[in-house]
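What follows is a single structure, written as structure tokens, with notes after it.
Hydrogens, waters and symmetry mates play no part in the numbers below; they use all other heavy atoms, side chains included. The residues of the chain are indexed from 1 along the displayed sequence.
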Amino acid sequence: MLHVRAGCRTSARIRNGQVHHLDHDPSNGDVANLVYLCLDHHEEAGKVGKAARRLTPELIVRYRDRLIRKVEVERRHHRVISHSYQDALDALIVMDVRKLHWSTDKEWEGISMSLLEIASYPSEMGPNARRAIMSFLDRVAGKTRSGMPGGVASNISDRVLDLCPIHRVRTEAEPTDEEDELLQMAACIGADLAYDGALYAADLEIVEAGCEILWRLLSFSKRNSFDALERFVTESYVTALDGAARSSTEFARELVEFTKAYGSTGTTVRIELPEKIARKMLDDEEQRSAAPEGR
């Protein structure tokens, strides 16, 4: 049912009105027979007699068809503008991320500033920008064994999850090729953080940051029955568990196994770590804070 302004010139806004039946049969509720007219024009449409100034059904249909064409043109124009905006936005972000690749220094403070800049990017960005950012995050995650602070790992985890289309509780739509690529890149980053965080950095906070990515991806795949994604994330967990099992980091293996079991439930509730693991992480943080020269 459409609101047909039928020549209204008094205001651009939709005026109070009524539903009009083109064939004057109130029992005919077919959508094609219904038009919303302002009160003035509804009265004119109901007038009878050859001498009466009247909006005939043919005239109303002509206005309706013209309105439909106008709306279709505006919608096409809006889609073109929206796509152009997203393409331009993606191009700007991709160029900015390339600058970050070259300008970000090796000091963790500089890397932290780059992660903050990435967090400020608008959410309307498209797949090209998301792919570029994910690639940058993957590069930073590869520096885990070079003394990465736990806070940086947590920031990486947050940015990775922001880029992934996993925030809907349930969806019937399979991931697109672009989304699937992002999800797999995210799983690789999670596995790298957990593996290197346990085996080389000996830092449970980094392991937890990697597992945060993995269990959320696993949960997303479970509750939506995305079998291919579930298999990929499960394989990523195998990598994480290998690093944890071969490390001397206390509770690393338990942390990886616990988060995998948690993600397998398909939950969306934020994880609560077992008390012994949470206490160990807190103690490690206090020791680093008290050290004369922290990382």
May I ask you to decide if [Y]'s main-chain N or O and [X]'s side chain share a donor-acceptor pair within less than 3.5 Å?
| X | Y | value |
| --- | --- | --- |
| Ser112 | Trp108 | yes |
| Thr265 | Ala261 | no |
| Ser114 | Gly110 | yes |
| Asp96 | Leu92 | no |
| Asn33 | His21 | no |
| Glu179 | Thr176 | yes |

Practice task
In sequence, state the C-alpha distance, the side-chain angles, and the governing distance for Leu37 and Val19, and then conclude on side chain to side chain contact (heavy atoms under 4.5 Å, CB included).
Solution key: CA-CA 6 Å; Leu37 298 176; Val19 174; over 6 Å; no

Supply the atom-to-atom distance [X] [atom1] to [Y] [atom2], rounded to the nearest 0.5 angstrom.
| X | Y | atom1 | atom2 | answer |
| --- | --- | --- | --- | --- |
| Tyr237 | Ser264 | OH | OG | 7.5 Å |
| Leu204 | Leu282 | CG | CG | 12.0 Å |
| Arg231 | Leu218 | CZ | CG | 13.0 Å |
| Leu137 | Leu163 | CG | CG | 6.5 Å |
| Glu117 | Lys99 | CD | NZ | 9.5 Å |
| Glu235 | Cys188 | CD | SG | 10.0 Å |

Do [X] and [Y] make a side-chain contact, defined as non-hydrogen atoms from C-beta onward lying under 4.5 Å apart?
| X | Y | value |
| --- | --- | --- |
| Ser154 | Ile206 | no |
| Ile189 | Met134 | yes |
| Asn224 | Leu229 | no |
| Leu34 | His20 | no |
| Ile133 | Met125 | yes |
| Glu178 | Glu181 | no |
| Arg216 | Ile271 | no |

Near [X] [atom1], under 6.0 Å, is it more than 12 heavy atoms from other residues, nucleotides or ligands?
| X | atom1 | value |
| --- | --- | --- |
| Glu286 | CD | yes |
| Arg279 | CZ | no |
| Arg98 | CZ | no |
| Asp23 | CG | yes |

Is it the case that one hydrophobic cluster holds both [X] and [Y], taking links as side-chain heavy atoms less than 4.5 Å apart, direct or via other members?
| X | Y | answer |
| --- | --- | --- |
| Leu199 | Ile156 | no |
| Leu161 | Ile118 | yes |
| Ile93 | Met95 | no |
| Ile166 | Phe232 | no |
| Val233 | Tyr195 | no |

Looking only at heavy atoms, what is the nearest atom pair of [X] and [Y], with distance?
| X | Y | answer |
| --- | --- | --- |
| Ala153 | Ala209 | O-CB, 3.5 Å |
| Ala240 | Ala194 | CB-CB, 3.6 Å |
| Phe226 | Glu174 | CD2-OE1, 3.6 Å |
| Pro122 | Leu89 | CG-CD1, 3.6 Å |
| Thr249 | Ala198 | OG1-O, 2.6 Å |
| Cys164 | Leu217 | SG-CD2, 4.4 Å |

Would you list the atom pairs, donor with acceptor, under 3.5 Å between side chains in residues 250-257 and any protein atom, with sequence neighbours excluded?
from   : atom 1 : to     : atom 2 : distance (Å)
Arg253 : NE     : Glu257 : OE2    : 3.1

Handout entry: Donor-acceptor side-chain pairing of Arg223 and Ser219 below 3.5 angstrom
Key = yes

Handout entry: Salt bridge flag under 4.0 Å for residues Arg270 and Glu212
Key = yes

Practice task
Report the C-alpha distance between Asp283 and Gln287 in whole Å, list the side-chain angles of each, state the deciding distance to 0.1 Å, and finish with yes or no for side chain to side chain donor-acceptor pair (under 3.5 Å).
Solution key: CA-CA 6 Å; Asp283 290 344; Gln287 290 179 12; over 6 Å; no

Problem - Verdict with reasoning, Ser247 to Tyr200, per side chain to side chain donor-acceptor pair (under 3.5 Å) - result: CA-CA 8 Å; Ser247 77; Tyr200 296 103; over 6 Å; no

Handout entry: Worked check of side chain to side chain donor-acceptor pair (under 3.5 Å) between Tyr121 and Arg159
Key = CA-CA 11 Å; Tyr121 291 155; Arg159 300 292 76 76; over 6 Å; no

Fill in the blank from the handout: Which of Val152, Leu193, Asp203 passes side chain to side chain contact (heavy atoms under 4.5 Å, CB included) with Thr144? Answer is Leu193

Problem - Sub-6.0 Å ring centroid separation between Phe136 and His101 - result: yes

Problem - Geometric class of the Tyr262/Phe258 ring pair [parallel <30°, tilted 30-60°, perpendicular >60°] - result: parallel

